[in-house]
Amino acid sequence: MCGIIGYVGNKPVVDILLDGLKQLEYRGYDSSGIAVECDNQIKVYKAVGKLNNLREELSSHAYEISKANTGIGHIRWATHGVPNVINAHPHTCNCGKLAVVHNGIIENYKELKQKLEALGCVFKSQTDTEVVAHLTAMNYAKVNDLKQAVQLTAHEIEGAYALAIMHSDEPNKLVVTKRNAPLIIGVGEGEYYAASDIPAFIQHTNNAIYLKDNEVATLTPSELKIEDSEGKPIIAKVEKLPWEPVALSKMGYKHFMLKEIHEQPDVIRNILAGKLRCSDEPICLDEVKLNKDSLKKLNRIQVIACGTSLHAAMIGKYIIERFCQIPVDVEASSEYIYRSTVTDSNTLVIGVSQSGETADTLTAIKQAKAKGSHILIITNRPDSAMAREADSLLSVNAGIEVSVAATKSYIAQLTSFYLLALYMAEIKESHNIAEINKIKQEMLVLPQKIEQILVNKDNIKACARKYSSTRDFIYIARGINYPTALEGALKLKEISYINATGYPAGELKHGPIAMLDDTMPVLSILMNGSVYEKLLSNSEEAKARNAQMIALTNSTDKKLDELFDFIVRIPDVDEILSPIVSIIPLQLIAYYIAEFLGKDVDQPRNLAKSVTVE
Ligand code: AGP
């Protein structure tokens, strides 16, 4: 996912742009660039690879651009055109007077490109974005006003975009607009910022305006003007952002991922505070706008998500069906949007997304909303596009998650699903209150159980070191921890690039067992409970094929020492709550293996923190 930043004010703009892009690195990128206004010209600098390469490129121009106070910047995650300097943003029109940076996809760029080429525009790049530069320049030639030119462009382009545009004939000015992609305006003293996400300017101001789809904002050092798509002035609300810059520091940890893994006990405490005070009080979840009658009318729940959020959704299915007796379907967003679904007004549709901007999930939610379903969104970003579609919004409040690998947001999503299921069960009176209260009591001590794991990491680290050179990894589990196996495998896959796969243990003998030999580690997520014995026998089957056996278990059974080559023991917990605890060692195993292998843990290759393109 790309990231854009813009600044207009009275400070030197170059470092503001570079530092802002640095804070957006977590979104994933393969090239970067800035455009600054100086001596009545727009100067553009771009580089492939990490931001240091751009800094290197700028170093020989430092003096000439040191006085610039207006500019735009971009980090690019390639969608159209390979990562190279020509395709890097900013893009300019042929005369070089106009520059644009863009996050999103212009879906009708091909026909616009043909039209513009026929009018004499010469394209340099393979990108969709360059169309915006030429089209806006053509419009500018007609109206001689940058804001109006951008408004004309916005009416002609289709798809998703957050744009920041500048023109040398209108110095000290940026014009920004968006549709289906985030764009936030930072409000300073005699200065304004525009960016894809808050971290880009949070160290300068925590006053912000969330631009809405199709609005056009004109930023100058002395004034901010916002208009809707028809040119009607908008008085926007300036919000005080809840974040402090400390959220963007590693606080002494080597990587954001390790910091965020260690934040998980407090994340659970923060979510439970105010919602689950003690086990014999009902759960307080006023954010859920479903009363007893509407809950009783529900004939199905459809949960839609991607990646780690999909694994949280799969665990949500087990929990809701167990306590609420409502059938729950879970589906990857990318599959849901291309299937003829039977969602209707008696279906509760739950969208799960850390970023709240994942394109596939956003599209699916809009489809379900159009069919009359009640939309409940579970997200870490209450300021996101998905949150704005919600009839009920469950913000998980895990704090900004910088590492591409989702950890604390996953734990926060799981905790939210437990609260939601128990809340609905209490309203529906669908489950015996004694068991509900027992589970609530156990939830209150989950943070301490996770802390026990986090203070005893040596054995987990030894396990990671022992298996860090393996090429393939199989995770097996049964029941509510089957999604845990998928999530543990995804963590290892996405940050160490090892081919890790999660399977329901009962499926091993239907094919995967053919792969087993002494080069293949098999990790069993062996939790006390209804499927313990079954999983133990699956593990024995794998052992009989000479697989290297690892147990992640809360069992104290000594017999395990004979069967397993390595055992990671965790504190005991009720089976229904075990996914919240069992994932912690798997996050740490993935982290330590990736660290041992010297991988870019927080920004794995090819990945973005939020995939805002389909
Ligand atoms: C998880 O570690 C990955 N970063 C990825 O699978 C992620 O969960 C997925 O892209 C969904 O993102 P979202 O939760 O922001 O919608």
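Whatever order the structure lists them in is the order used to number ligands and atoms, beginning at 1. Values reported hereafter were calculated over all heavy atoms of this structure, with side chains retained and with hydrogens, waters and symmetry mates removed. Please read these numbers as outputs of a predicted model, since none were measured by experiment.
From the protein, the heavy atom lying nearest to atom 4 (N) of ligand 1 is Val404 O, 2.7 Å. When only non-hydrogen protein atoms are considered, atom 3 (C) of ligand 1 lies nearest to Glu494 OE1, 3.4 Å. Atom 8 (O) of ligand 1 has as its closest protein heavy atom Thr308 N, 3.0 Å. Of the protein's non-hydrogen atoms, the one nearest atom 14 (O) of ligand 1 is Ser309 OG, 2.6 Å. Scanning all protein heavy atoms for the shortest distance to atom 12 (O) of ligand 1 gives Thr358 OG1, 3.5 Å. Looking from atom 11 (C) of ligand 1 to the surrounding protein, the closest heavy atom is Cys306 O, 3.5 Å.
Taking a cut-off of under 4.0 Å to the non-hydrogen atoms of Ala405, the atoms of ligand 1 that pass are 2 (O). Interface of Ala406 with ligand 1, defined as ligand atoms under 4.0 Å from a residue heavy atom, comprises 1 (C), 2 (O).
By the 4.0 Å N-to-carboxylate-O rule, Arg388 lies too far from Asp213 to be salt-bridged with it. Using a cutoff of 4.0 Å between basic side-chain nitrogens and carboxylate oxygens, Arg339 and Glu335 are not scored as salt-bridged. For Glu401 and Lys609, the salt-bridge test passes: some basic side-chain N is under 4.0 Å from an acidic carboxylate O.
By the 4.0 Å heavy-atom criterion, Lys491 is counted among the residues contacting ligand 1. Not close to ligand 1: Thr361, with no non-hydrogen atom less than 4.0 angstrom away. In this structure, Ser610 does not count as a contact residue of ligand 1, since none of its heavy atoms falls inside 4.0 Å of the ligand.
Of the N or O atoms in Lys609, none lie within a sub-3.5 Å distance of an N or O in ligand 1. Annotation: Gln413 places no N or O atom under 3.5 Å from an N or O atom of ligand 1; distance criterion only.
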side-chain contact (heavy atoms from CB on, under 4.5 Å) assessment of Asp383 paired with Ile198: CA-CA 10 Å; Asp383 53 344; Ile198 294 162; 3.8 Å; yes
Decide side-chain contact (heavy atoms from CB on, under 4.5 Å) for His102 and Asp128; before the verdict, give the C-alpha distance in whole Å, the side-chain angles of both, and the deciding distance to 0.1 Å. CA-CA 9 Å; His102 165 226; Asp128 55 329; 3.6 Å; yes
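Classification of the Phe473-Tyr467 ring pair by plane angle, with boundaries at 30° and 60°, yields perpendicular.
Put simply, the side chain of Lys289 gets close to the backbone of Asp286: a donor and an acceptor are under 3.5 Å apart.
Of all the heavy atoms of Ser355, the ones lying under 4.0 Å from any atom of ligand 1 are found in both the backbone and the side chain.
Residues Leu492 and Leu586 form no side-chain contact, since every pair of their non-hydrogen atoms from C-beta on lies 4.5 Å or further apart. Within the 4.5 Å cutoff, the side chain of Ile326 has no heavy atoms near those of the Leu348 side chain.
The CD1 atom of Ile476 sits 12.0 Å away from atom CD of Glu507, with the distance rounded to the nearest 0.5 Å.
Which of Val611, Ile378, Leu607 comes nearest to atom 10 (O) of ligand 1 through a heavy atom is settled by distance: it is Val611.
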